[in-house]
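Working notes, beginning with the structure itself.
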Amino acid sequence: MNNNDESAPVLVAVAWPYASGSRHLGHLAGAYLPADVFARFQRLAGCDVLMVSGSDVHGTPITVRADSEGTTPDEIVDRYHKEFLDNWQKLAISWDLYTSTGTNNHAEVTHDIFMKLYEKGHIDKRSSEQFFDAEAGRFLPDRYIEGVCPHCEYSEARGDQCENCGRTLDPEELIKPISKISGSEPTLKETEHFYLRLSDFQVALSDWLSSRKGWRNHVLNFSKGWIEEGLHDRAITRDLDWGVSVPVAGIGEGKKIYVWFEAVIGYLSAAKEWAKNKGVEDAWEKWWCNPNSRSVYFIGKDNIPFHTIIWPAMLIGYGDLNLPTDVPANQYVTFKGGKASASRGIGLTISESLEVFEADSLRYALAASFPEQSDTELTVEEICRRINEELVATWGNLVNRVLSMIYNSCEATIPSGELRTEEDLKLLSTIDQIIERAGQEIDNVELRSALQTGMSGAAEINAYLNSLEPWKLSKTDPERAATVLGTALSAIGGVRVCLSPYLPFSTQLLDEIFGPVDIWQRKEPQTGKKIEKPKPLFKKVDIDLLDLDD
RNA sequence: GGCGACGUAGCUCAGUAGGUAAGAGCGCUCGACUCAUAAUCGAGAGGUCGACAGUUCAAGUCUGUCCGUCGCUACCA
């Protein structure tokens, strides 16, 4: 992060999960969890964090799903929004606000942005012909039209692409087009739509992107490639009845703002909603209008152009709002070589995972595999391995190890640190350096590395114990044994700080000894305090007992 | 087809502006220890850095071609 003001406000903007179905581990590892780790760290580092997101509730897939289930879009959205909220609660994702794009506030903010861009001439009206399904009474997105591919004669080619020969298509090219919704033959019909003049921003965006420092290579390359190909103006309205209304009259009935235009506005509308809830209407400006504020967007790589091109274009056009400071988009978590996809049954959904893994264990295993630089292959076996061989063996066991010795040979009393020797102080100094380094890594959104750094602290403490053997000292020199154990405990307190953004539940179990984690620094435990008989922080998982299909 | 990326130890991944004889974790082998969730600690084995050609005093790191994998292709968001 290129900002020397460490206490600057930080907007943690997180991809809006699409409420058309369950989200899977790829989404969790790609966006929500990294954002949470980052936000938790920034709060401990003393920054004013505003972490927002919400369910994206509009768009054709939701209406189609509702139709096919014989229910309403509201019902679909409600179902998955509730599931997401349940997921977040079980995972302790620390939103300052998790809302949805279905609020009045969001519609108002969207209208404001639309109108300003319209008045400035960045939005204009054009007409085109699109396929219309008379039976269903709606215009059809390309992918909902099926027909025979003009190239390979595959009979189930979609209007946007033929899955057989891979060619990109225009729906008009299809032979014998059929509506996937009603099965009837669609007809071309004239319709008017508003377009965002992305081409207006070609130069400004190019300059802006060229000046970005410290961004991930794949994010920058992909974005620049998009711009070099030339930015095309995009329709931002759709012939739908499910969505945010168009604030300008005169383009006919049944038009709504297209989801990709309004969903990204959610970052701003959520900040405003948060401010309203707080009772200070303009509190959102601290993150959006303050030049010292950072805004970091956590998304998957499939969302890159929306966050590095389209949304910045809208912000430039609107004016006086902060552009993204960084967009550390993650690559994909893959299962058996392919992109995770709940709808195709590849990989576990978040809900399924939470039925078989403890939240912190799952958080650990995913964080250790965040696809920060390249796609990362993940299996259930790998998740179990991470939990058992790393989290439990190195860290969970260490805590249990030290607390058990204190409980058994120090009369369950936290020893004082008064008699520490040089080697004791050396351990603590090593831990303090680890805390410092892990903090820098998290600030740079190198979350995987920072986790490993934190875990190396646990290994240091284990090595310290092995070399000083307090279990022997307790028989020959109880006073020295107590000092060693007290030192190890203090060091554990330091490692716990490093791990707290990743493991909020289990690190909280140590509050009784150390008090809450409220600063990115090691704090001494409370000398002389009695401790309870220790219980392991985590359970090992037995993969054979997991009830999994794949 | 076009675009982007990836292919580094058995597995999952790092390798910053090309330069000390290629790294981490896990697994494996050997050893130490036995306080701890049979956990811990130390040592070691293991790689012609996808293939080929080129630029350079010097390439995992740059260029080209090829092979393989993945994603995107703007009306899924």
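- Pairing for B:rA74 is absent, judged as Watson-Crick or G-U wobble with the two contacts each under 3.5 Å.
- Of all nucleotides present, only B:rG64 satisfies the Watson-Crick or G-U wobble test against B:rC52, with each distance under 3.5 Å.
- A salt bridge does not link A:R216 to A:D326: none of the charged side-chain nitrogens sits closer than 4.0 Å to a carboxylate oxygen.
- Atom-to-atom, CZ of A:R23 to C1' of B:rC76 comes out at 10 Å; the value is rounded to the nearest Å.
- Look at the P atom in both B:rC66 and B:rG10: the space between them is 29 Å, to the nearest Å.
- In this entry the distance linking CD1 of A:I492 with P of B:rU40 reads 15 Å, nearest Å.
- For B:rU37, one of the phosphate oxygens OP1 or OP2 lies less than 4.0 angstrom from a side-chain nitrogen or oxygen of A:N400.
- Taking atom C1' on both B:rU61 and B:rG50, the two are 16 Å apart, rounded to the nearest angstrom.
- Side-chain proximity of A:P61 to the nucleotides B:rA77, B:rU40, B:rU37 is greatest for B:rA77.
- When the side-chain nitrogen and oxygen atoms of A:N221 are compared with OP1 and OP2 of B:rA5, one or more of them lie within a distance under 4.0 Å.
- Nucleotide B:rA24: paired with B:rU12 (Watson-Crick or G-U wobble, both distances less than 3.5 Å).
- Between the side chains of A:Y267 and A:H307, at least one donor-acceptor pair of N or O atoms lies under 3.5 Å.
- Within 4.0 Å of A:W226, counting heavy atoms only, lies at least one base atom of the nucleic acid.
- Within 3.5 Å, no donor on the side chain of A:N397 pairs with an acceptor on the base of B:rU40, nor the reverse.
- Taking only side-chain atoms of A:Q373, from C-beta outward, the nucleotide of B:rG15, B:rA74, B:rG25 with the closest atom is B:rG15.
- A distance of about 14 Å separates the P atoms of B:rG46 and B:rA24, rounded to the whole Å.
- At a threshold of 4.0 Å, the pair A:K301-A:D375 counts as salt-bridged, since one of the basic side-chain nitrogens sits closer than that to a carboxylate oxygen.
- Heavy atoms of A:L537 sit under 4.0 angstrom from at least one base atom.
- For A:T376, taking side-chain heavy atoms from C-beta onward, the closest of the listed nucleotides B:rA14, B:rU12, B:rG71 is B:rU12.
- Between B:rC41, B:rC26, B:rC13, one nucleotide has an atom nearer to the side chain of A:S374 than all others, and that is B:rC13.
- Between B:rG4, B:rC41, B:rC13, one nucleotide has an atom nearer to the side chain of A:R448 than all others, and that is B:rC13.
- One atom, NZ of A:K301, and another, C1' of B:rG71, lie 5 Å apart when rounded to the nearest Å.
- Here the separation of B:rC57 from B:rG18, taken at their P atoms, is 16 Å to the nearest Å.
- In this structure, A:V392 reaches the bases: a heavy-atom distance under 4.0 Å links it to at least one base atom across the strands shown.
- Taking the C1' atom of each, B:rA9 and B:rC28 are spaced 12 Å apart, rounded to whole Å.
- Heavy atoms of A:A459 sit under 4.0 angstrom from primed sugar atoms or phosphate atoms, though from no base atom.
- Using a 4.0 Å cut-off between charged nitrogen and carboxylate oxygen, A:D200 and A:R197 count as a salt-bridge pair.
- Nucleotide B:rG42 forms a pair with B:rC30, judged by Watson-Crick or G-U wobble geometry with both contacts under 3.5 Å.
- Distance from the side chain of A:K540 is smallest for B:rA39 among the nucleotides B:rA39, B:rA77, B:rC35.
- Under the Watson-Crick or G-U wobble criterion, with both distances below 3.5 Å, B:rA5 is paired with B:rU69.
- For the pair A:I531 CD1 and B:rC35 P, the computed distance is 17 Å after rounding to whole Å.
- Taking for each of A:A393 and A:H218 the nucleotide of RNA chain B with the nearest heavy atom, the 5'-most of the two is the partner of A:H218.
- When only modelled atom types and interatomic distance are considered, A:S22 and A:E83 share a side-chain donor-acceptor pair under 3.5 Å.
- Note on A:R480 versus A:D424: salt bridge recorded, some NZ/NE/NH1/NH2 to OD/OE distance being below 4.0 Å.
- Listed candidates were B:rC26, B:rU34, B:rC72. Nearest to the side chain of A:K472 is B:rU34.
- When the P atom of B:rA74 is taken as reference, atom NE2 of A:H307 falls 19 Å away, rounded to whole Å.
- No side-chain N or O of A:E129 forms a donor-acceptor pair with one of A:T191 less than 3.5 Å apart.
- Distance from the side chain of A:Q452 is smallest for B:rA24 among the nucleotides B:rA24, B:rC72, B:rC33.
- B:rC41 and B:rG27 have their P atoms separated by 11 Å, given to the nearest Å.
- Rounded to whole Å, the distance from CD1 on A:I310 to C1' on B:rC76 is 13 Å.
- Separating the CG atom of A:N303 from the P atom of B:rC72 is a distance of 12 Å, rounded to the nearest angstrom.
- Taking atom CG on A:L398 and atom C1' on B:rA38, their separation rounds to 17 Å, with Å as the unit.
- At the heavy-atom level, A:G230 lies under 4.0 Å from base atoms of the strands shown.
- For the pair A:R385 and A:E390, the salt-bridge criterion is met [side-chain N within less than 4.0 Å of a carboxylate O].
- Listed nucleotides B:rU40, B:rA74, B:rU12 differ in distance to A:R401; the shortest reach to its side chain belongs to B:rU40.
- Applying the 3.5 Å distance criterion, the base of B:rC26 shares no donor-acceptor pair with the side chain of A:R385.
- Across all strands shown, B:rG18 remains unpaired; no Watson-Crick or G-U wobble contact has both distances below 3.5 Å.
- B:rG47 and B:rC13: their C1' atoms are spaced 15 Å apart (whole Å).
- The existence of a salt bridge linking A:R126 and A:E190 is excluded, since no basic side-chain nitrogen approaches an acidic carboxylate oxygen closer than 4.0 Å.
- Of the candidate nucleotides B:rA74, B:rC35, B:rA77, B:rA77 has the atom nearest to the side chain of A:T60.
- The P atoms of B:rA17 and B:rC62 are separated by 10 Å, rounded to the nearest whole Å.
- Comparing A:K475 and A:Y258, the nucleotide of RNA chain B nearest to each residue sits closer to the 5' end for A:K475.
- Between the side chain of A:H232 and the base of B:rA74 there is at least one donor-acceptor pair of N/O atoms closer than 3.5 Å.
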